[in-house]
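Just so you know, these numbers come straight off a predicted model, no measurement behind them. Chain identifiers are assigned alphabetically (A, B, ...) following the order of the sequence lines, protein sequences preceding nucleic acid strands; residue numbering begins at 1 within each chain. Values reported hereafter were calculated over all heavy atoms of this structure, with side chains retained and with hydrogens, waters and symmetry mates removed.
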Amino acid sequence: MRAVRLQKLEALKAAGMRPYDDRYERTHVLADARQVAADQESDDPESGRLVSVAGRVMMRRVFGKLVFVHLQDGSGRCQVVLDAGTMGDEAVQQFQDFVDLGDHVGFEGRTARTKKGEPSVWASGWTFLSKSLLPLPEKWSGLSDLEARQRERYLDLVSNPETRERFRLRSRFVKELRRYLDERGFEEVDTPILQTKVTGALAKPFVTHHNAMDMRCVLRIAPETWLKQCVAGGMDRVYEVARCFRNEGMSPAHLQDFTMVEWYAAYWNYQDNMDFTEGLLLHLVDVLLGKREIEVEGRTIDFDTPWPRIAMRDLILRDSGIDYAELETADDVRQAIRDKGIQLEAEGVDQMSRGNLIDQLYKKVSRPQLVNPTFVTDHPIDLSPLARMNDQDPTRVDRYQLVVNGWEIINAYSELVDPLDQRARFEQQVAARDAGDEETLPLDEDYLRCMEHGMPPMSGWGMGVERVVALLTGQDNLREVTLFPLLKPLDKSDEPAAAAPAAKEATTDEGETMSDEHRALLGSPADDVDALGITPERARELFDEHVKTPSLRRQMEQASVVMGAMARKLGTNEEAWRLLGLLHNLDFDEVKEPERHCLVTAEILGREGVHPAGIHAIAAHNDKGLVATGIRCVSVIDHAVSAAEAVVGLIHAACQVLPSKDVQDLKVKSVRKRFKNPKFAANVERDLIERCAGAGLELEAFLALAVEALQQEPVSEA
RNA sequence: GCCCGCUUAGCUCAGUCGGUAGAGCAUCGGAUUCUUAAUCCGCAGGUCCUAGGUUCGAGUCCUAGAGCGGGUACCA
């Protein structure tokens, strides 16, 4: 079909037309042209307006020398009629010969109505604007495959009007929200997305690397603390439409890249906040929908105010019969939940803190029941490190969440502005982190300093834009209101797996020293791993258990340091790379046969559930034993492990010939010289070091990086 | 993470018990000056997601993998 269209493209060029024009002067958008045609007194083109319109050809019906075309632009659709009598045989014939569904075409003509009364433009001439080479989706069903609709959203937008409407509503929603806030004295600001600390929420961040500053950065998970600093600076009311990123599980109600609106207003508390919020959202619902009831998943949601305000304690008491105010410890709460026969699905219930248990209980028994907008207020203090403590009850905070249809739409509080209390809360967070809680806030001295300079009382909130828009448009999946959600690439050519078969092929006639079982253990290469699948603590235990020789221990620790430096340089997962360095020779003390070296490590790490790419990287560094059977360096990590493990040998040897034997006195230049001298430390495999190229580092830069890393983080032989 | 499901023509979808892979729309050729998912006649169009396996024979059965979706867990 594409070939046919390419032929047409050539043909129309040969006929002197331009397949891709640069502009077209429109007098009317299609919806307006159609309206003009509908409103005119006579059906007759003679009495119609002379107009020019443009759009995509969506449908065509041919009656010999009479052609009906449905044209679509951003405003809608309008029919265009071409007839030989008005336009001439040749122009109609050329249109027939050259134009396909999907092409963009401009028409001049007069507004009119057909004999059947359809408002139309009676064309007197047409202009080619853009040739399409690929066909549109089926005209009646449109594009329905969800994956295709996300990968090729433009086709979804062209062929499914309801999709177009949904995104139009999202756009209007944000515009109207801005207008509402602007009119009430809020200033819109922009705060950093790229930052050095995780602040403002409890979530795992995306980690990246700043090359010029050579430092770890994270993408923001919330703009909260920046906005409060704006208020401290005298911007009494601020807001931001903030793209935020959270590196957490995906679900219909969670995106990793999403839009949150936050605002803060000085001198308000959370009660003021609720009043304001009710007015704001009701206004948006009225303006955007023109009605206050909507249907989602067969349920009716009624936005009519006032919305109930229920304290979390009362809510849970109502729904489960448990009054957590009477339960002082986590164990008491756990017991009460068990006594009521309530089953919490969450993992780690046995270790959960009191606050977390209450939160889980709420999510289980109460939140799903909340269909109409409801303010859930007065949360336990330990889940709200940035919220103001309640004056009467120090175990809870002045906070609310707005829940609609079981979704948390808004999270708000009277902000904590007491620097001493804030510091204590941060310290609790740090303690929780030390106790193993992964999602805690780090102590933020910059923010505390701002607070110590004085912050006015204030209240504000964060609202998930996608969630609200999904609600208003009756969608149950946030991807339906995200134009281009993240999808895995389909193009297999750029995946590392494509390179692996080549390595396999090259070795078919070589010795088979490895069993299939072993081969299976060795994993598959990948440029990076999100998580190695082993904790640092466990890696250290394995290290202590298997590696006894002091020099080997030193060598592995140094390799770990170098791997860490490489990861920072390359912007990859530093922790995983460090662990690979630490574990790469795990079996060296225990395995005597060189060809079995790494296989035992692979077995051990396989049992520990280590990421296959990591096992592959370690296995690939024993080129003496395993290269014959096909395990060789393919990915970035593979090359990095080899280069790191070899370079520490060279550096150690170079240190030994220094008078002080101290790495601090080692010069990069001398390491470079030693490298070039094959007689120096002859058993250090230079070709392994050169694998740094495969990790994207030039030799000289890599040597410097390794030396500096070991100087900054010396490893003693103990 | 774990569990379940889906993947067939450009699009929307059938495909029986394991026995020559189908329809509609779109495309291509033909008829048609008032259609509204036009109609009528005809042609063409396939990596049945990928790789293995079982079988005389696999879209169909088995194994592994990929993409997507759903559920569940995690998630201010």
Side-chain angles (χ1 to χ4, degrees), chain A residues 1-5 7-8 43 58-70 77 79 81-86 92 100-102 112-120 122 132-152 155 159 198-204 221-224 244 246-256 258 260 262 344-348 356 359-360 363 379 383-387 399 401 408 410-413 438-439 441 461-464 476-477 479 485 487-492 495 497 501 520 524 530-531 533 609:
Chain A
M1 195 172 291
R2 186 166 180 273
V4 170
R5 293 197 174 194
Q7 278 172 17
K8 288 187 187 178
D43 288 350
M58 296 302 289
M59 214 178 276
R60 181 179 49 183
R61 283 182 282 272
V62 182
F63 273 79
K65 295 287 188 288
L66 180 68
V67 181
F68 300 94
V69 170
H70 283 190
R77 288 191 182 194
Q79 176 167 278
V81 181
L82 292 77
D83 81 307
T86 309
V92 174
D100 287 301
L101 298 190
R113 286 187 298 270
T114 63
K115 285 179 189 167
K116 297 284 170 65
E118 177 74 22
S120 305
W122 221 272
S132 66
L133 300 180
L134 294 172
L136 288 174
E138 211 263 343
K139 64 183 174 189
W140 189 240
S141 319
L143 195 63
S144 66
D145 180 76
L146 185 55
E147 179 179 356
R149 286 181 42 229
Q150 292 178 157
R151 285 195 195 276
E152 298 183 279
L155 290 179
S159 61
V198 176
T199 69
L202 307 178
K204 289 175 205 132
I221 57 174
E224 177 160 343
C244 297
R246 297 185 183 180
N247 207 346
E248 303 191 323
M250 34 203 313
S251 82
H254 295 87
L255 297 166
Q256 280 61 62
F258 65 103
M260 184 151 69
E262 289 203 6
L344 296 184
E345 286 93 359
E347 288 166 14
N356 263 320
D359 191 47
Q360 287 297 329
K363 285 175 181 169
H379 295 65
L383 293 178
S384 320
L386 301 171
R399 171 179 178 183
Q401 290 176 327
E408 286 153 14
I410 285 173
N411 181 38
Y413 17 88
E438 279 189 38
E439 296 194 345
L441 281 180
W461 56 229
M463 175 178 75
D476 52 14
N477 190 327
R479 290 169 166 247
L487 292 166
K488 290 198 181 182
L490 286 182
D491 186 2
K492 296 195 166 59
E495 285 180 26
S524 51
D530 301 332

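The shortest side-chain heavy-atom distance between A:Arg149 and A:Arg479 does not fall under the 4.5 Å cut-off. Between A:Phe258 and A:Met260, the closest side-chain pair of non-hydrogen atoms falls below 4.5 Å. Put simply, the side chain of A:Lys115 does not reach to within 4.5 Å of the side chain of A:Asp43, judged on heavy atoms. Within the 4.5 Å cutoff, the side chain of A:His70 has heavy atoms near those of the A:Arg61 side chain.
Nucleotide B:rC61 forms a pair with B:rG53, judged by Watson-Crick or G-U wobble geometry with both contacts under 3.5 Å. The partner of B:rA44 cannot be assigned: no Watson-Crick or G-U wobble pair with both contacts below 3.5 Å exists in any strand. Pairing partner, B:rA66: B:rU7, with both Watson-Crick or wobble hydrogen-bond distances short of 3.5 Å. Figure legend. B:rA38 is base-paired to no nucleotide; pairs are counted as Watson-Crick or G-U wobble with both atom distances under 3.5 Å. Base pairing analysis places B:rA23 opposite B:rU12; the two distances defining the Watson-Crick or G-U wobble pair are each below 3.5 Å. Across all strands shown, B:rC2 pairs with B:rG71; the Watson-Crick or G-U wobble distances both stay below 3.5 Å.
Among the nucleotides B:rG67, B:rU33, B:rC34, the one closest to any side-chain atom of A:Arg151 is B:rG67. Listed nucleotides: B:rU12, B:rC75, B:rC34. Nearest to the side chain of A:Ser141: B:rU12. Residue A:Leu146 has its side chain nearest to B:rG69 when only B:rU12, B:rG69, B:rU33 are considered. Residue A:Met59 places its side chain closer to B:rA38 than to any other of B:rU33, B:rC75, B:rA38. Listed candidates were B:rC74, B:rU36, B:rC68. Nearest to the side chain of A:His70 is B:rU36. Comparing B:rC68, B:rU36, B:rC74 by their closest approach to the side chain of A:Gln79 singles out B:rU36. The side chain of A:Trp140 has B:rA37 as its nearest neighbour among B:rC68, B:rG71, B:rA37. The nucleotide whose nearest atom lies closest to any side-chain atom of A:Asp145 is, among B:rU33, B:rG71, B:rU12, B:rU12. Closest to the side chain of A:Glu118, from the set B:rA73, B:rU36, B:rG67, is B:rU36. Comparing B:rC68, B:rC34, B:rU33 by their nearest atom to the side chain of A:Lys65 picks out B:rU33.
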Quick test: give all pairs of protein nitrogen or oxygen and nucleotides 26-29 of chain B nitrogen or oxygen below 3.5 Å, distance rounded to 0.1 Å.
unit_1, atom_1, unit_2, atom_2, d
B:rA26, OP1, A:Lys139, NZ, 2.9
B:rU27, OP1, A:Arg60, NH2, 3.4
B:rC28, OP1, A:Lys8, NZ, 2.2

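Surrounding NZ of A:Lys8 are more than 12 heavy atoms belonging to other residues, nucleotides or ligands, all under 6.0 Å away.
Using a 4.0 Å cut-off, some side-chain N or O of A:Lys488 falls inside it from OP1 or OP2 of B:rG67. When the side-chain nitrogen and oxygen atoms of A:Asn477 are compared with OP1 and OP2 of B:rG70, one or more of them lie within a distance under 4.0 Å. For A:Arg479, a side-chain nitrogen or oxygen approaches OP1 or OP2 of B:rG69 to under 4.0 Å. A:Gln360 has a side-chain polar atom (N or O) that falls below the 4.0 Å cut-off from OP1 or OP2 of B:rC74. Distances shorter than 4.0 Å separate some side-chain N or O of A:Ser144 from OP1 or OP2 on B:rU12.
Across the P atoms, B:rC41 and B:rC4 are found 48 Å apart, a figure rounded to whole Å. Here the separation of B:rA51 from B:rU47, taken at their C1' atoms, is 12 Å to the nearest Å. For the C1' atoms, the distance from B:rU12 to B:rU54 is 34 Å, rounded to whole Å. Taking atom P on both B:rG69 and B:rU8, the two are 15 Å apart, rounded to the nearest angstrom.
The residue among A:Arg399 and A:Leu487 whose nearest nucleotide of RNA chain B is located toward the 5' end is A:Leu487. For the pair A:Pro252 and A:Gly200, both in contact range of RNA chain B, the more 5′-proximal nearest nucleotide belongs to A:Pro252.
Look at CG on A:Asp359: it is 14 Å from C1' on B:rA73, rounded to the nearest Å. Rounded to a whole Å, the CD atom of A:Glu147 is 14 Å from the P atom of B:rA66. The nearest whole Å value for the distance from the CZ atom in A:Arg77 to the C1' atom in B:rA37 is 11 Å. When the P atom of B:rC74 is taken as reference, atom CG of A:Leu202 falls 15 Å away, rounded to whole Å. Here the P atom of nucleotide B:rA9 and the CG atom of A:Leu143 are 14 Å apart, to the nearest Å. In this structure, CD of A:Glu152 is placed 8 Å from P of B:rC11, rounded to the nearest angstrom. To the nearest angstrom, P of B:rC40 lies 15 Å from CZ of A:Arg61. Atom C1' of nucleotide B:rG1 and atom CE of A:Met250 are separated by 13 Å, given to the nearest angstrom.
Heavy atoms of A:Gly249 sit under 4.0 angstrom from at least one base atom. Nucleic acid contact class of A:Gln150 (heavy atoms, under 4.0 Å, all strands): sugar-phosphate only. Among the protein residues, A:Val81 comes within range of no part of the nucleic acid, since none of its heavy atoms lies under 4.0 Å from any strand. If you check every strand for non-hydrogen atoms under 4.0 Å, A:Trp461 touches nothing.
The residue from A:His379, A:Glu262, A:Glu224, A:Arg399 that alone fulfils the side-chain hydrogen bond (donor to acceptor under 3.5 Å, both in side chains) condition with A:Asn411 is A:Arg399.
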Item to check | A:Leu386/A:Leu441 under side chain to side chain contact (heavy atoms under 4.5 Å, CB included): CA gap, chis, key distance, verdict | outcome: CA-CA 10 Å; A:Leu386 301 171; A:Leu441 281 180; 4.0 Å; yes

Checklist entry - Given A:Met58 and A:Lys139, is the side chain to side chain contact (heavy atoms under 4.5 Å, CB included) satisfied, shown in steps? => result CA-CA 8 Å; A:Met58 296 302 289; A:Lys139 64 183 174 189; over 6 Å; no

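Closest heavy-atom contact between A:Glu147 and A:Leu487: O-CD1, 4.5 Å.
A:Glu248 pairs by the side-chain hydrogen bond (donor to acceptor under 3.5 Å, both in side chains) definition with nothing, not counting sequence neighbours. Annotation: salt bridge (Lys or Arg N to Asp or Glu O under 4.0 Å) contacts of A:Asp83 (sequence neighbours excluded): none.
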